[in-house]
Amino acid sequence: MRHRYQRMLQGAIALAAFLVFWQIASITGIFGHMKPEYSQLLLPTPKSVVTAIFEMARTGYLWDHLSVSIARVVVGFLISAIIGVPLGIAMALSPLLNNMMEPFVRIFSPIPGVAWVPLAILWFGLGDQAAIFIIAIGSIFPILLGTIQGVRSVDRRLIEAAKIMGATQRKIVLRVLLPSLIPYLITAFRIGFGFAWRVVIAAEMVGVPKGVGYMLTIGRSTGHTEVTIVTMLLLGALMYAVEEFVFHPLCADGEAYASI
Amino acid sequence: MHVEISNASKTYLGDRAGLSIHALNDVSLNVNAGEFLCLLGPSGCGKSTILRLLAGLEFPDKGLVQIDGTSVIHPRSGVGMVFQDFALFPWLTVEENIGFGLRLRGEEKGTVRDTVSRWIDLVGLRGFASMLPRQLSGGMKQRVAIARALALSPEVLLMDEPFGSLDSFTRMEMQEELIRLREQQSFSSVFVTHDIEEAVYLADRVVVMTPRPGAIKTIVSVPLPHRRDRTGKQFTEIRNYLLSLYERASSHLREAAR
């Protein structure tokens, strides 16, 4: 226990030193390289960032934008899961479908999701639809490929055991295939979710209105750099929370589903 | 239930190297109701193939596999199977695994619960009902797998080296357990093993098989009452006789290789 407190104390001291360094840098004009008024624009003080967090939370500005992005990610991600999982299962089970789909997967999956931004804006205009489209396209491939791999690695003996006990094709899919897929789906969703966030931020930065990406740019272009920094911290906290409170416990559960 | 294999042959075509494996050559065999049959032989002698044919997981290229006079073309009810590496559903608890087949059949919840609980007692897993397979030892996993198969009250139980991955003490314990279970519920058994002593301990008849191509060399009856004494005179004689059959076979192979 002593070691643990010692480690935390060492970390806290380093963090405090960093904040002091940051504070000095922003009030001295990056150590005298420029006028102090100017440097606060490039590097707002820690205090102004903290003030901005409370201010933005109080006025509801923070939640307004954050909720827009979350809604876009959730909808886009759901669409790609609803299409990706069944399509992946079907492709893994049907050689015909797999052969037909494979060229498309090979052509489109290496294209970074962000590259779809211009086309999406052209097709759907500057709004939610464009953002959702890009998120769905950006996260569908990890989900699709993860599902295919999951189905292909299903333990053959489990399927045979179920068959001998009288399982129909449908029951095999429901009772054996889907549960076996769970660990693969958790991994696929985790990767897909990371993609979805990156893509939505990019889309909102280049013109889709509102959302966290919009906050990042608006902070820069209106001279409120602290808004940009707050948004970055927020994104970090959000990804950390999702990883820690959603995927980490899921993975622990998922291990129970892995083969014995 | 009468099980009959007539003149069955099976070849597995081309792996990547283009090699075909002649797994079974003209095998004929029948299993009488209530009989315990052991298929004995080294790996590659086609004993697991016979089991897969009986299970309806595969079909012979030539010949017939029949149960009660009809060809086995898909897995059929009344036939259960136990695998060497257990094949338990890792996401289901002990009781859910045992109840899997009953629930597939659409049995009432109450019936499933009662049957499962009876089998948990019969295989001595009381207290482990809500554990997951990975929390159990090898012997316990195989008890679950046996209970899962027997809960469906099969007339024929196929077992593919079920104790092959267990240590020899656990294996002896499981062999006795199996004999005990057969006293509770009657079913014919086709039991694949490469362990001569195991075959003599369990079987009414031992089917002696030889590899490349898989074929039946001879069938040896074991006319001893259960529980058999592993160190007894007759037991040892039969074991030594079986051993001598393989000694001769392998010396033939050595000569042929020369």
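Counting non-hydrogen atoms of neighbouring residues, nucleotides and ligands closer than 6.0 angstrom, the CZ atom of R170(A) reaches no more than 12 such neighbours. No more than 12 heavy atoms of other residues, nucleotides or ligands lie within 6.0 Å of CE in M232(A), so this atom counts as exposed by the packing criterion. Surrounding CD of Q169(A) are at most 12 heavy atoms belonging to other residues, nucleotides or ligands under 6.0 Å away. Residue E108(B) places its CD atom among 12 or fewer non-hydrogen atoms of other residues, nucleotides or ligands, all under 6.0 Å distant. The 12-atom threshold is exceeded at CZ of F133(A), counting heavy atoms of other residues, nucleotides or ligands nearer than 6.0 Å. Heavy atoms from other residues, nucleotides or ligands lying under 6.0 Å from NE2 of H248(A) number 12 at most. Counted within 6.0 Å of NZ on K163(A), heavy atoms from surrounding residues, nucleotides or ligands total 12 or fewer; the atom is thus considered open.
Of the atoms belonging to L104(B), heavy atoms from both backbone and side chain fall under 4.5 Å from chain A. With a 4.5 Å cut-off on non-hydrogen atoms, R52(B) touches chain A through its side chain but not through its backbone.
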Inset, instruction - May I have the step-by-step check of side chain to side chain contact (heavy atoms under 4.5 Å, CB included) for F83(B) and E160(A), ending in yes or no? - result: CA-CA 10 Å; F83(B) 297 81; E160(A) 288 181 350; 3.9 Å; yes

Inset, instruction - Take L102(B) and M165(A) through the side chain to side chain contact (heavy atoms under 4.5 Å, CB included) test and state the conclusion after the steps. - result: CA-CA 8 Å; L102(B) 296 164; M165(A) 286 186 273; over 6 Å; no

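When all heavy atoms of I164(A) and P75(B) are compared, the pair lying nearest together is CA-CB, 3.9 Å. Nearest approach of V176(A) to W91(B), heavy atoms of both residues: O-CH2, 3.5 Å.
F100(B) contributes atom CZ, which lies 9.0 Å from atom NZ of K171(A) (distance to the nearest 0.5 angstrom). Summarising the geometry, atom CZ belonging to F89(B) is positioned 8.5 Å from atom OG belonging to S180(A); distances are rounded to the nearest 0.5 Å. Here the CG-CG distance, from D155(A) to D85(B), works out to 7.5 Å after rounding to the nearest 0.5 Å.
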